[in-house]
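Below is one structure, written out as C-alpha cells; comments come after it.
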Amino acid sequence: MTPDNRTENKGVTYKTATSDDEGQRLDNYLARNLKGVPRSMIYRILRRGEVRVNKGRVSPSYKLSEGDLIRIPPVTVTKGPVTIPSSRLHLVQDLKDRILFENDGILVVDKPSGLAAHGGSGIEFGLIEALRALRPEQRFLELAHRLDRDTSGCLIVAKRRSALRDLHEQFRQRQVHKRYLTLVPGKWDRRQNLVNAPLIRNELRSGERMVEVDFKNGQPSSTGFDIVEEFAGATLMAAMPHTGRTHQIRVHCAYVRHPVGGDEKYGDKEFNGFLREHGLHRMFLHAQRITFTDPVEGKLLKIEAPLPPELANILQVLRELS
C-alpha cells in the first residue's frame with residue numbers, strides 16, 4: 001500500500017492523490033499544498049523535473065488521478081498572507097465590486113485587463129491569489145478555467161472541490177459556452193463565420209509562449225464569429241470558441257488577417273498604434289458572456305460582464321470617425 005505522506009533523505013516528500021484531487025492540475029495542486037510558495041518557484045521546480053508523478057516528469061497542466069504518487073522536493077515556505085504589491089492594490093480592491101454572481105459553490109468575477117488569472121512565470125500574484133487574500137476565511141478557492149492577462153470579463157472560480165470537478169466535466173463535454181467581443185482591423189467577410197485551424201503551442205528560448213496554426217501537428221481548434229458592428233476600417237466581432245486552446249481567438253483572428261486590436265503578440269502594429277493614439281492602451285478582447293450549468297442548483301446560468309469603459313470609449317470614437 002502506498003503511503004499518503006512519506007519523506008526520504010534531503011527532505012523530499014511523497015503524497016498520494018486522493019479522490020478529492022481527481023482532475024486537478026498539478027500546478028494548482030502544488031500551489032494548494034505548498035502554502036506561501038510563490039507560483040514562480042512552483043513552475044521553476046516543475047521545469048527542472050524536481051516534481052515527479054508516478055516517477056515520471058509531467059507538465060504543469062497534468063490532470064491528477066486518484067492514486068497518483070507525487071514527488072515534491074524541499075522548498076522554503078513563507079508563512080503569512082499573500083503580499084500584494086502597492087502598485088496593484090487598486091486592482092485587488094476593485095475585485096470586491098466585480099463579483100457578477102455567487103452562491104455556495106461558485107463565484108463569477110469580472111476580471112480586469114492587466115491582472116493575470118494566477119501567479120507564475122514572473123508574476124508574483126494573480127486574481128486567484130488576490131481573492132484568497134481578500135477572503136482568508138474561505139478554505140477553498142480555485143480557478144475553473146483561465147483568461148489571458150490582458151483579457152477582461154467572465155471568469156468562474158470554484159468554492160468547493162465538488163463544484164470544480166463538475167465544472168471541469170462541463171468543459172470537457174463542451175457544455176460551457178463563451179462569447180467574447182473583439183475589435184479587429186478591416187472589413188470582416190460575412191461568409192467567414194467559422195475558423196477551423198489546428199493550433200500548436202511553442203516555447204521560445206526566452207520562455208515566451210507562441211501559438212501557431214499547424215495543419216500537420218496542431219490540435220483541432222474551432223472558433224465561430226459573428227459581426228456585431230462595422231466601422232470605417234474596423235469591425236466589432238463576437239467570437240465563440242468551440243475549443244479551449246491557448247490564445248485561440250487571438251491566433252484565429254490573426255490567421256484570417258483580422259488580428260485582435262491592441263494585441264502586442266499577434267496583432268497589427270499600425271492598427272495598434274491607431275488605437276493607442278485614440279486612448280486605448282490594452283488588448284480589445286472581452287469575455288462578455290459565459291453560459292453553464294450551476295453545479296449547486298443544476299440550473300442553466302448565463303452570466304454577462306459589462307463592456308469596460310475604455311473599450312466602450314474606443315467604440316464611440318470609431319462611430320464618430322465613421
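Bear in mind that the values here come from a model prediction, so they are computed numbers and not experimental data.
Screening residues 257-279 for ring-ring contact (aromatic ring centres under 6.0 Å, His included), with sequence neighbours left out, gives W188-H258, H247-Y266, F274-H278.
The minimum heavy-atom distance linking P73 with V12 is given by the pair CA-CG2, 4.4 Å. Between K178 and P241, the shortest heavy-atom distance links the atoms O-CD, 3.7 Å.
Both V51 and L64 are assigned to one and the same hydrophobic cluster, defined by single-linkage of ILVMFWY side chains at heavy-atom distances under 4.5 Å. In this structure, L155 is a member of the same hydrophobic cluster as I99, with clusters built from ILVMFWY side-chain heavy atoms closer than 4.5 Å.
Between the side chains of S222 and H242, at least one donor N or O lies within less than 3.5 Å of an accepting N or O. Looking at T235 and E229, their side chains never bring a donor and an acceptor atom within 3.5 Å of each other. Remark: the D226 side chain and the N193 side chain contain no N/O donor-acceptor pair separated by less than 3.5 Å. Side-chain contact, Q175 with T293: no donor N or O sits under 3.5 Å from an acceptor N or O. For the residue pair T246/R201, the side-chain donor-acceptor check at 3.5 Å is satisfied. Counting only N and O atoms by type, the side chains of D27 and Y62 include no donor and acceptor under 3.5 Å apart.
In this structure, the side chain of Q316 does not engage the main chain of N313 through any donor-acceptor pair within 3.5 Å.
No side-chain heavy atom of Y14 sits less than 4.5 Å from a side-chain heavy atom of I72.
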Applying side-chain contact (heavy atoms from CB on, under 4.5 Å), run through T223 and Q248 and close with a yes or a no.
-> CA-CA 8 Å; T223 308; Q248 178 173 316; 2.8 Å; yes

Report the C-alpha distance between K96 and L134 in whole Å, list the side-chain angles of each, state the deciding distance to 0.1 Å, and finish with yes or no for side-chain contact (heavy atoms from CB on, under 4.5 Å).
-> CA-CA 8 Å; K96 294 180 180 179; L134 288 172; 3.7 Å; yes

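The environment of CZ in R161 is crowded: more than 12 heavy-atom neighbours from other residues, nucleotides or ligands sit within 6.0 Å. Residue-environment remark: CZ (R319) exceeds the threshold of 12 foreign heavy atoms within 6.0 Å.
Residues H286 and Y180 keep their aromatic ring centres 6.0 Å or farther apart.
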